Engineer: 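One structure, as structure tokens, below. Some questions next.
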Amino acid sequence: MSSELIMTSVDSDQEAKVVVSGEIDIYTARQFKEKLYQFVDNSTKDIVIDCSDLDYIDSTGLGIFVGALKKARLTDRNISLENIRDNIRKLFNITGLDKLFIIR
Amino acid sequence: MSSELIMTSVDSDQEAKVVVSGEIDIYTARQFKEKLYQFVDNSTKDIVIDCSDLDYIDSTGLGIFVGALKKARLTDRNISLENIRDNIRKLFNITGLDKLFIIR
Amino acid sequence: MESRDKIVVKLPCKPEYVSVARLTVSGVASRIGFDIDTVEDIKVAVSEVCSRIISVAGSSEKQYEIWFDISAKKLTISFSAKIERINCIFEDDEDGLGAAIINAFMDEVEYCPEGKDYILSMTKNFEVISCNGL
Amino acid sequence: MESRDKIVVKLPCKPEYVSVARLTVSGVASRIGFDIDTVEDIKVAVSEVCSRIISVAGSSEKQYEIWFDISAKKLTISFSAKIERINCIFEDDEDGLGAAIINAFMDEVEYCPEGKDYILSMTKNFEVISCNGL
Ligand SMILES: Nc1ncnc2c1ncn2[C@@H]1O[C@H](COP(=O)(O)OP(=O)(O)O)[C@@H](O)[C@H]1O
Ligand SMILES: Nc1ncnc2c1ncn2[C@@H]1O[C@H](COP(=O)(O)OP(=O)(O)O)[C@@H](O)[C@H]1O
């Protein structure tokens, strides 16, 4: 019911992984942006974002993914997205962002 | 999301059982009332209503349960309610209807 | 969250849209921080009032409005509808099931407001730590 | 269901209430018979417009309204808000992600209405069996 957003992250020797669950919209976006950008800046590895429990994302949220990717690319890294639900996958297709990210 | 109501019933030698799922509110009440009253009229046994999948009931719906019970009592029968969810059980307590029905 | 937000929903006096009222009130109540059980209670109370308005309105061509007044301490929900000759929508049914549910779930209910622009108003307080010397 | 029902929701121009708009639109769209995927699409499109209105409104003291016009053939959703000097809320961003999503999910979108009491209007048709000689 409530559109809270939870982001947890692990930056170990093996991987740099972010798990997002809940809803990324104009309300939760600012907090998410800060956390994600910080994670990208602090890590040195390719980044995996697990979207299994991401219920909803709007254009603000997609813009943040793009912003994070641009940051990662500055140091020759990539961002891949995992377990995206169909309704959200649709948004990546529509906007062409499916060609920007590694989606698996 | 949608507040549809589904009522299925079995009237066998062993039992007279009704399963309600979905929402009973002012919109779905009329159809539910007709079906339930008809079932009570046509059966000769005590009636069990399985509420496992009943998400929501309002005072209109509770009134229909009471009406059905009155009908059943005319021929010395009872109605018992099974597997009521907590949110709905609360309504029976508040209204005192928990003392009218066999709830198990 | 600031101290006085207002949300209004205007619906046709038709049974099929009471479910819309329920979803909206759930959204408002959970957004402003009520716990899940309280959200359910408020939803049920609102739905009872909507049903009652539809029953007494007499015409499905009419509309009613639900006003949400959000403050730091409470949520007040008021209903307005142009219903002729009726001031108390729960008149003759104050001991009915609907009113019993509303009374149990809301902290305050104004059933028959006089000279107001609403026909029923009810309030749910946010739980506060009691300072009553307890 | 009769041919022209209207539902209106009025919300503060604040990000925290866009979730309320989403729930309400989901309720309306599913009630009037859109399938679950289409309900999701309409919800996403509405949410994009709400976010945009909040972004350009400039003040969280303002309010905006979402109008649902329900007919047998389509659902039209219009938005109104008193936003000074802005007629096209997606101006300079017509190729942005928000507009791309809205365009993909709705059947018709009126982005910059002239002399209307709304600032954006969009329509989703109920699927009909084509009679185009197919
Ligand atoms: N606690 C109770 N015990 C027994 N019967 C009750 C109780 N509460 C309500 N009823 C009965 O349930 C039916 C529906 O109640 P209610 O919704 O209050 O009626 P109304 O349709 O007049 O509003 C009525 O027949 C009423 O007598
Ligand atoms: N299909 C695309 N491929 C690559 N980048 C894109 C694509 N669509 C949008 N972007 C980029 O995503 C970011 C956010 O997009 P958008 O939401 O349109 O921006 P704005 O915040 O200006 O509305 C921008 O940096 C934009 O350049």
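By convention in this document, chain letters (A, B, ...) are assigned in the order of the sequence lines, proteins followed by strands, and residues within each chain are numbered from 1. As the structure is a computational prediction, the values presented were derived from the model and not from experiment.
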Engineer: Could you pull out the closest heavy-atom pair between C:R31 and D:E16, with the gap in Å?
Structural biologist: NE-O, 2.6 Å

Engineer: Please say which of C:V25, C:V20, C:L23, C:V28 ends up in a side chain to side chain contact (heavy atoms under 4.5 Å, CB included) with D:T24.
Structural biologist: C:V20

Engineer: Determine whether more than 12 heavy atoms belonging to other residues, nucleotides or ligands lie under 6.0 Å from atom NZ of D:K62.
Structural biologist: yes

Engineer: Going from CD on D:E61 to CG on C:D5, what distance comes out if it is rounded to the nearest 0.5 angstrom?
Structural biologist: 8.0 Å

Engineer: Is chain C contacted by the side chain of D:E65, its backbone, both, or neither, given a heavy-atom distance below 4.5 Å?
Structural biologist: neither

Engineer: Roughly how far, to the nearest 0.5 Å, is the CH2 atom of C:W67 from the NZ atom of D:K10?
Structural biologist: 6.0 Å

Engineer: Taking all atoms of both residues into account, what is the closest heavy-atom pair of D:Q63 and C:K6, and its distance?
Structural biologist: NE2-O, 2.9 Å

